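Note sheet for the following structure.
Not measured: the values here are computed from a predicted model.
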Amino acid sequence: MSSKRDAEEKVEEKDTPRKKRSKSDRNRAAPADVNSTYTTEEFKKVFGEAFRKQKEFQHDSGAMKHSEPFNCCCLPNFVDDKDNFLEGLKSELLELPYREKDNDLYTFQQSEALQNFSSPHIQGLRKLLYEDFRGWLRDVTGIAFSDTIDMTASKYTYADYLLCHDDELEGRRIAFILYLVPPWNQEDGGSLDLFKVDDNYQPVTIAKSLLPKWNNFVFFEVTPKSFHQVAEVLSEDKCRLSVSGWFHGPTVERPTPYIEPRSELTPHVSIDEELFYGWLNPKYLDLLTQSDIQDRFEQASEIQLSDFLMEEKFDNVCKAMQNPDIRWNRRGPYNKRNYEQAEESSLPEAVKECIHLMRSEHMFLLLSNFSGLKLHEQAPSDGSSDDDDDSDNEEEQNEEEEEERGAVEKGKQKETNLKGKNSAAQGNEGKPRKPVNPRCRVEVRRWSPGCYTLCHDTDMEGSEFALDAVIYFKCATWDVSYMGFTSYIAKGEDEVLLCVYPDDNSLGLVYRDKETMGFVKYINNRSKREAQIKSEPVYFYDIKAVYYE
């Protein structure tokens with residue numbers, strides 16, 4: 001979800017009580033020291049000045065302090081490793097139990113808080129950071145740190161990642177990472193990417209990428225600008241092992257979170273009936289089918305309808321989606337989403353017709369019949385079928401529906417299943433109706449490796465009851481291991497309630513309440529690799545519409 005959820009990526013047990021350690025336990029800690037180059041008064045003075053004045057700095061030792069896009073420091077050969085302390089530390093870390101961490105923001109493995117383990121090298125690292133280095137860091141940054149320090153171990157293997165976030169949580173002042181990786185290069189992925197922000201503190205582009213390196217210690221100040229990510233690991237045989245966490249200190253005032261402008265919502269539009277019925281699979285116009293769909297939908301709040309469009313129409317849209325004249329724009333910011341959205345004015349006619357179909361009055365009525373929602377003034381009102389006074393009307397409605405189904409089967413009255421059912425469901429003309437204001441928004445999206453959407457605390461569009469409707473294109477060979485499916489969760493929870501998977505010519509419908517959030521799972525590079533092997537396209541497409549009562 002947002003950067004505030006679950007204390008994010010590096011540690012869940014931010015307030016885990018520390019185990020009391022006896023004096024003999026302390027004596028068991030393997031000795032470890034910070035590289036003496038960094039502990040000299042001269043180095044601390046010039047490095048600290050660069051940090052506090054947000055200046056660029058580079059030292060003969062290789063130490064660097066970046067000021068853009070935010071204060072970030074790199075200390076190579078951080079631990080004086082003359083006694084192979086780091087190899088011992090690595091061995092102990094790899095023996096720890098790890099938990100799979102998997103939600104909208106990340107996929108990787110994480111240990112428990114390292115304060116819960118008493119092996120010698122882990123204790124030695126704790127002593128080095130908590131007792132020795134904390135004072136050095138206070139002198140350099142000028143921050144009065146508290147006794148709270150979070151620290152865990154993380155393992156990123158093939159296709160693991162951590163998406164864009166800012167680390168902000170009350171009390172966090174400095175984030176740190178100590179890398180314990182094999183020789184690493186750019187083709188292995190797994191870089192620490194730092195983002196530049198706009199005037200609203202929203203991340204807009206990657207400004208700098210830092211490759212992990214053995215015994216490199218990276219730290220940065222946690223601010224509203226400190227957006228960063230761990231890029232997907234592309235190596236199939238290397239493990240990106242690190243120790244990471246935060247030094248805590250006095251809470252500082254933060255700017256008010258930025259609220260995105262809401263997307264424009266539009267009411268339904270008219271459509272030629274022949275055009276509408278020419279697009280849809282006839283089975284979904286049958287009243288019995290609609291009734292069955294509604295029963296299933298009301299039980300589960302979701303359904304996926306296969307072969308939704310006529311095959312010829314579907315094929316035309318698939319071909320049109322690949323038109324090189326379509327203008328695709330990346331939609332961000334990175335802490336909320338990353339995918340391509342088509343400019344509607346550049347779309348070929350076949351795609352425009354499909355969008356018009358999704359916005360049409362007939363589609364609002366059809367989705368009302370599928371879902372039981374009141375997406376049109378002629379849709380049945382909740383509870384209307386339970387009124388005793390309406391029993392005669394219901395009998396008349398059933399008779400009319402039987403006649404209308406026969407007409408549809410004979411091809412004599414195509415509009416019956418939409419107009420007839422809903423007209424009959426109006427009930428007594430004298431009954432007052434609740435005002436309705438059904439509306440929708442529609443977009444055409446292209447998905448490829450690296451695309452995703454995230455749940456976030458400032459999602460105003462997700463704060464209303466809504467019906468999500470998605471039609472998928474060009475995903476016949478899409479494998480679930482590539483991800484790219486849409487998951488729904490309850491706010492503040494990681495447990496997935498349901499998933500909608502890309503499936504050619506299927507219409508996925510999900511009704512979500514104010515406490516339910518959806519996200520598209522990050523698409524990994526497995527899709528790109530296998531596409532190259534099979535000479536298949538890397539993209540799939542969808543048309544997403546969101547309907548509000």
Side-chain angles (χ1 to χ4, degrees), residues 9-11 30-35 37-38 61-64 66 72-102 106-112 114 117 119-126 128-129 133 151-163 175-194 206 208-220 228-245 449-450 522 524-526 528-529:
E9 79 293 4
K10 299 188 182 75
V11 62
D33 297 304
V34 175
N35 187 327
T37 301
Y38 305 137
S61 64
M64 298 191 70
H66 304 284
C72 182
C73 307
C74 180
L75 302 178
N77 301 311
F78 175 68
V79 176
D80 186 347
D81 201 26
K82 57 181 180 294
D83 295 324
N84 289 323
F85 171 84
L86 293 177
E87 286 292 348
L89 175 64
K90 176 183 175 182
S91 296
E92 291 176 4
L93 293 176
L94 291 176
E95 291 175 358
L96 297 179
Y98 286 80
R99 289 182 301 163
E100 295 285 345
K101 302 275 290 177
D102 188 15
Y106 47 64
T107 294
F108 71 108
Q109 297 177 67
Q110 183 185 63
S111 73
E112 293 184 11
L114 293 185
F117 301 98
S119 50
H121 294 84
I122 291 176
Q123 283 198 46
L125 179 65
R126 283 176 47 81
L128 183 149
L129 294 178
F133 186 68
M151 187 166 67
T152 60
S154 299
K155 293 197 301 184
Y156 291 78
T157 54
Y158 179 60
D160 287 349
Y161 60 88
L162 167 62
L163 298 176
F176 68 86
I177 312 102
L178 174 64
Y179 293 110
L180 299 169
V181 297
W184 205 274
N185 55 55
Q186 190 171 354
E187 290 72 28
D188 296 323
S191 60
L192 176 65
D193 296 332
L194 313 181
I206 295 174
K208 199 176 299 293
S209 295
L210 308 177
L211 284 179
K213 186 177 181 181
W214 177 266
N215 199 11
N216 264 21
F217 188 87
V218 174
F219 68 93
F220 57 85
H228 60 285
Q229 71 176 13
V230 176
E232 181 184 352
V233 172
L234 305 178
S235 171
E236 298 187 51
D237 57 4
K238 294 181 182 180
C239 175
R240 186 187 187 275
L241 177 66
S242 65
V243 174
S244 54
Y522 173 89
N524 59 49
N525 271 270
R526 288 188 179 96
K528 182 184 293 185
R529 184 189 62 179

Could you tell me whether the side chain of [Y] reaches within less than 4.5 Å of the side chain of [X], counting heavy atoms only?
X: Q229; Y: I206; value: yes
X: P183; Y: N185; value: no
X: L178; Y: N215; value: yes
X: F117; Y: Q123; value: no
X: V181; Y: S242; value: no
X: Y179; Y: V218; value: yes

Closest contact, heavy atoms only, [X] versus [Y]:
X: Q186; Y: L211; result: N-CD1, 3.7 Å
X: D81; Y: F85; result: OD1-N, 2.8 Å
X: L93; Y: Y98; result: O-OH, 2.8 Å
X: N77; Y: Y38; result: O-CE1, 4.1 Å
X: N216; Y: C74; result: ND2-SG, 3.4 Å
X: S61; Y: P76; result: O-CG, 3.7 Å

Under 30°, 30 to 60°, or over 60°: which ring-plane class applies to F78 and F217, parallel, tilted or perpendicular?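 If you compare the ring of F78 with that of F217, the planes turn out parallel.
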
Between Y156 and F108, how do the two ring planes meet: parallel, tilted or perpendicular, split at 30° and 60°?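 The rings of Y156 and F108 lie parallel, inter-plane angle below 30°.
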
Would you please test F219 and L75 for side chain to side chain contact (heavy atoms under 4.5 Å, CB included) and show each step? CA-CA 9 Å; F219 68 93; L75 302 178; 4.1 Å; yes

Interatomic distance, [X] atom [atom1] to [Y] atom [atom2] [nearest 0.5 angstrom]:
X: L114; Y: E92; atom1: CG; atom2: CD; answer: 10.5 Å
X: L89; Y: N84; atom1: CG; atom2: CG; answer: 12.0 Å
X: M151; Y: S111; atom1: CE; atom2: OG; answer: 9.0 Å
X: E236; Y: T157; atom1: CD; atom2: OG1; answer: 10.5 Å
X: L96; Y: E112; atom1: CG; atom2: CD; answer: 9.0 Å
X: K528; Y: L234; atom1: NZ; atom2: CG; answer: 8.0 Å

Tell me whether the count of non-hydrogen atoms from other residues, nucleotides or ligands lying under 6.0 Å of NZ in K208 goes above 12.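 Yes, enclosed.
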
Ignoring hydrogens and geometry beyond distance, is a side-chain donor-acceptor pair present between T107 and D160 at under 3.5 Å?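 Checked: T107/D160 side chains show no N/O donor-acceptor pair below 3.5 Å.
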
Is there a side chain to side chain contact (heavy atoms under 4.5 Å, CB included) between I177 and L192? Walk through the geometry before answering. CA-CA 10 Å; I177 312 102; L192 176 65; 4.3 Å; yes

CA sep, side-chain torsions, deciding dist, call: R240, W184, side chain to side chain contact (heavy atoms under 4.5 Å, CB included): CA-CA 9 Å; R240 186 187 187 275; W184 205 274; 3.7 Å; yes

Please answer whether the main-chain N or O of K101 pairs with a side-chain N or O of Q110 as donor and acceptor at a distance below 3.5 Å.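 No: the side chain of Q110 does not pair with the backbone of K101.
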
